[in-house]
Amino acid sequence: MKMNEQKETNLLKNMLNKCKYTLQGLSYCFKNESSFLFVAMIACLVIILGILFDIAFLEWVISFGSLAFILIIELINTAIEATVDMVTQEYNEYAKIAKDCGSAATGIMSVLATIVNLIIFIPYFIELFIGLF
C-alpha cells in the first residue's frame with residue numbers, strides 16, 4: 001500500500017471512530033439524561049410547529065440554534081458530572097461547585113431558549129387565534 005493510500009485509510013478510520021464515539025455519547029445521554037430527552041422532544045415539537053406555521057428561515061436558525069445550545073451544554077454537563085464522579089464519590093465542595101455550575105449553565109440556556117422560542121412562536125399563535133374568530 002502506498003503512503004498516500006495508508007494516510008487516507010487512517011483518516012477514514014479516524015473519522016468513522018469519531019462518528020462512533022459521537023453516537024455513543026448521544027445514546028448515553030438519551031438513555032440516562034431525562035432533560036436531554038425532554039429537549040429532544042421539544043425540538044420535535046418545534047419542527048412540527050415550524051412546519052405548520054411556515055416560519056421564516058432565520059426563525060428556524062434561531063430556534064434550532066437555541067435548542068442545540070441546550071443539548072450541547074447538557075452533553076458537557078454530563079461529561080463534567082461523569083469526570084467528577086470518577087474522581088470522587090465522597091462529598092467534596094469543589095465537586096459540588098463543578099456539578100452545580102454545569103447544571104446552572106444548562107438551566108440558564110434552557111430559560112433563554114424558552115424565551116427565544118416564545119418570541120418566535122407567540123405571534124403565530126396570536127394570528128391563529130385571531131383567525132379563528
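All values below come from the heavy atoms of this structure, side chains included, with hydrogens, waters and symmetry mates left out.
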So how far is it from [X] [atom1] to [Y] [atom2], rounded to the nearest 0.5 Å?
{"X": "N92", "Y": "I97", "atom1": "CG", "atom2": "CD1", "result": "8.5 Å"}
{"X": "T114", "Y": "I119", "atom1": "OG1", "atom2": "CD1", "result": "11.0 Å"}
{"X": "I72", "Y": "L67", "atom1": "CD1", "atom2": "CG", "result": "11.0 Å"}
{"X": "F36", "Y": "I73", "atom1": "CZ", "atom2": "CD1", "result": "12.0 Å"}

### Message
A quick test of your reading: do over 12 heavy atoms of other residues, nucleotides or ligands sit less than 6.0 Å from CZ of F69?
### Response
no
Would you say [Y] ends up clustered with [X] if hydrophobic residues are merged whenever their side chains have heavy atoms under 4.5 Å apart, either directly or through other cluster members?
{"X": "L58", "Y": "W60", "value": "yes"}
{"X": "F30", "Y": "F38", "value": "yes"}
{"X": "L75", "Y": "I80", "value": "no"}
{"X": "I70", "Y": "Y28", "value": "no"}

### Query
Are side-chain heavy atoms of Y124 and L52 found at a separation under 4.5 Å?
no
### Query
Does some side-chain heavy atom of L26 sit less than 4.5 Å from a side-chain heavy atom of L71?
no
### Query
In terms of side-chain heavy atoms, does E93 have a donor or acceptor partner in Y91 at a distance below 3.5 Å?
yes
Return the minimal non-hydrogen interatomic distance between [X] and [Y], and the atom names on each side.
{"X": "F121", "Y": "S63", "answer": "CE1-OG, 4.1 Å"}
{"X": "V84", "Y": "A98", "answer": "CG2-CB, 3.9 Å"}
{"X": "E59", "Y": "I120", "answer": "O-CD1, 3.6 Å"}
{"X": "C29", "Y": "T78", "answer": "SG-OG1, 3.8 Å"}
{"X": "M109", "Y": "S66", "answer": "CE-O, 3.6 Å"}
{"X": "N77", "Y": "S103", "answer": "OD1-N, 3.3 Å"}

### Query
Hydrophobic cluster mates of L118, side-chain heavy atoms under 4.5 angstrom, ILVMFWY only, any path?
I122, I126, I130
### Message
Test question: given the 4.5 Å side-chain rule for I, L, V, M, F, W and Y, name all other residues clustered with F129, or answer none.
### Response
L132, F133
## Note on the structure
Taken in chain and number order and not counting sequence neighbours, the residues that satisfy salt bridge (Lys or Arg N to Asp or Glu O under 4.0 Å) with D54 are none
### Query
Who are the side-chain contact (heavy atoms from CB on, under 4.5 Å) partners of Y21, not counting sequence neighbours?
N17, Q24
Please table the atom pairs, donor to acceptor, closer than 3.5 Å between any side-chain atom in residues 39-51 and protein atoms at least two apart or in another chain.
none

### Query
Which pairs pass salt bridge (charged side-chain N to carboxylate O under 4.0 Å, His left out) with one or both residues in residues 76-89, sequence neighbours excluded?
D85-K99
### Message
When you measure from the side chain of S110 to the backbone of T106, do you find a donor-acceptor pair of N or O atoms at a distance under 3.5 Å?
### Response
yes
